[in-house]
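In what follows, chains are A, B, ... by sequence order, proteins preceding strands, each numbered from 1. Below, all heavy atoms of this structure are taken into account, side chains as well, without hydrogens, waters or symmetry copies.
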There are 2 protein chains.
Amino acid sequence: MRLTTKGRYAVTAMLDLALHYNEGPTTLADISHRQGISLSYLEQLFAKLRKQGLVDSTRGPGGGYRLSRSPHEIPVANVITAVDEKVETTRCGGLSNCQDDQQCLTHELWSELSSQIHQFLCGISLGTLVEKEGVKQVAARQERLQKNSQPVNVSAAKREVATAS
Amino acid sequence: MRLTTKGRYAVTAMLDLALHYNEGPTTLADISHRQGISLSYLEQLFAKLRKQGLVDSTRGPGGGYRLSRSPHEIPVANVITAVDEKVETTRCGGLSNCQDDQQCLTHELWSELSSQIHQFLCGISLGTLVEKEGVKQVAARQERLQKNSQPVNVSAAKREVATAS
DNA sequence: AAATACTTGACTAAAATACTCGGATATGTA
DNA sequence: TACATATCCGAGTATTTTAGTCAAGTATTT
């Protein structure tokens with residue numbers, strides 16, 4: 001399994017969606033504010049998540065994204081594989097042609113590890129995570145922060161910093 | 001846990017060492033031939049493996065590297081962490097300051113995953129791998145290839161290919 | 001002395017990652 | 001219809017990592 005920040009961002013964003021599952025569509029701008037992920041990057045990620053059928057989108061004012069099904073029916077593994085094309089730990093992508101068209105010495109090890117990770121992440125759904133105490137606490141903190149602060153144009157703010165230097 | 005080709009190379013090389021555990025020091029040149037890893041890259045990796053006390057080295061003719069202890073006492077996890085500085089799946093390296101100095105929404109998930117992977121790779125030693133049927137077969141093939149072919153300067157060969165195009 | 005083999009450090013091409021930017025398109029509201 | 005809000009889409013790019021090269025050592029055996 002490939003574990004990159006891309007996959008982490010995707011899971012975080014999807015978890016945010018799961019937390020607001022009962023509130024109608026959530027905009028990427030909201031997720032961006034709450035989770036500190038750039039809007040344009042979220043757009044890229046959600047294009048893939050949509051293609052994989054994990055989320056539905058509605059355009060226009062009041063629109064946004066929502067999970068295509070219950071949080072309990074979406075394993076974390078699906079989210080990660082949706083944005084990170086490759087899923088294998090092995091070099092050859094499971095084709096066993098790692099070295100001179102033959103299986104390399106450690107091929108078995110990596111396949112086994114892959115399936116371990118896959119199993120673990122398949123066993124945990126967004127729904128599972130939402131119910132965790134720690135997640136609830138962090139989510140509550142994020143809500144408070146959002147209410148106290150004005151909506152901010154993050155990229156504009158960053159641009160200011162950049163030009164100031 | 002970070003899983004890169006660097007870690008894979010390291011495990012492959014260490015497994016090669018384990019396979020020749022009873023034959024005195026193994027040179028990096030031999031490993032390079034058998035496993036198709038560039039000599040200079042191996043040097044880098046083994047510098048780290050030595051610092052971590054996983055291998056002992058002897059210089060001069062007849063020298064080389066050998067495992068510092070029995071293959072059964074070296075878990076794969078140790079090899080990987082020796083060459084891949086970071087070991088955490090989490091962004092913050094377990095410090096819980098992933099977002100605005102606070103714990104991010106998915107922090108728990110990644111810590112748990114980390115420990116899962118760690119457990120798995122701690123449970124498998126080089127000795128375990130050596131005994132696997134698949135590994136034995138691949139190793140046997142590599143021995144045959146090595147005996148049939150002249151020692152080759154790999155990087156010189158590669159350079160030829162490159163200039164030919 | 002000569003050959004072998006490890007040791008160290010600096011450097012680099014190529015790939016991947018993590019984004020940004022600009023614009024297009026759809027949709028609800030006044 | 002105008003306008004604001006959102007999603008869509010493609011191209012471009014700075015940074016980091018990977019995977020390696022290169023050069024100049026040092027230690028040890030024969």
Under 3.5 Å donor-acceptor, B/T81 side chain and B/A77 backbone: yes
Interatomic distance, A/F46 CZ vs D/dG10 C1' [rounded to whole Å]: 20 Å
Rounded off to whole Å, could you give me the OH-to-P distance for the A/Y41 and D/dT7 pair? 18 Å
Could you tell me the separation between the NZ atom of A/K48 and the C1' atom of D/dC8, rounded to a whole number of Å? 15 Å
In whole angstroms, the gap separating P of C/dA26 from CG of A/L28 amounts to 18 Å
Tell me the interatomic distance from A/R59, atom CZ, to D/dA6, atom C1', rounded to whole angstroms. 8 Å
Taking only side-chain nitrogens and oxygens of B/R50, does any of them come within less than 4.0 Å of OP1 or OP2 of C/dC6? no
Counting only side-chain N and O atoms of A/T58, is one of them less than 4.0 Å from OP1 or OP2 of D/dA6? no
Looking only at side-chain N and O atoms, does B/Y65 come under 4.0 Å of OP1 or OP2 in C/dT7? yes
Does any nucleotide pair with C/dA3 by Watson-Crick or G-U wobble geometry, both distances under 3.5 Å, and what is it? D/dT28
Expressed in angstrom and rounded to an integer, what is the separation of A/L42 atom CG from D/dC8 atom C1'? 14 Å
Any side-chain N or O of B/Y9 under 4.0 Å from OP1/OP2 of D/dG20? yes
Kindly assign one of parallel, tilted or perpendicular to the pair B/F46 and B/Y65, based on the angle between their ring planes and the thresholds 30° and 60°. tilted
Which nucleotide wins on minimum distance to the side chain of B/S57, given the candidates C/dT7, D/dT18, D/dT7? C/dT7
A/K132 side chain near A/Q137 side chain, heavy-atom distance below 4.5 Å: no
Examine the base of C/dT17 for any acceptor or donor lying under 3.5 Å from a partner atom in the side chain of A/Q44, and report the outcome as yes or no. no
Could you tell me the separation between the CG atom of A/L28 and the OG atom of A/S57, rounded to the nearest 0.5 Å? 9.5 Å
Please check: side-chain N/O of B/T106 versus main-chain N/O of B/L109, any donor-acceptor pairing under 3.5 Å? no
Assert: residue with more 5' nearest nucleotide on DNA chain D, out of A/E43 and A/P61, is A/P61
Once you round it to whole Å, what is the distance between P of D/dC9 and CG of A/L45? 15 Å
Measuring to OP1 and OP2 of D/dT21, would you say a side-chain N or O of B/S38 lies under 4.0 angstrom away? yes
Ignoring backbone atoms, test whether B/S40 places a side-chain nitrogen or oxygen under 4.0 Å from the OP1 or OP2 oxygen of D/dT21. yes
Can you measure B/K6 atom NZ to C/dA15 atom P for me and round it to whole angstrom units? 18 Å
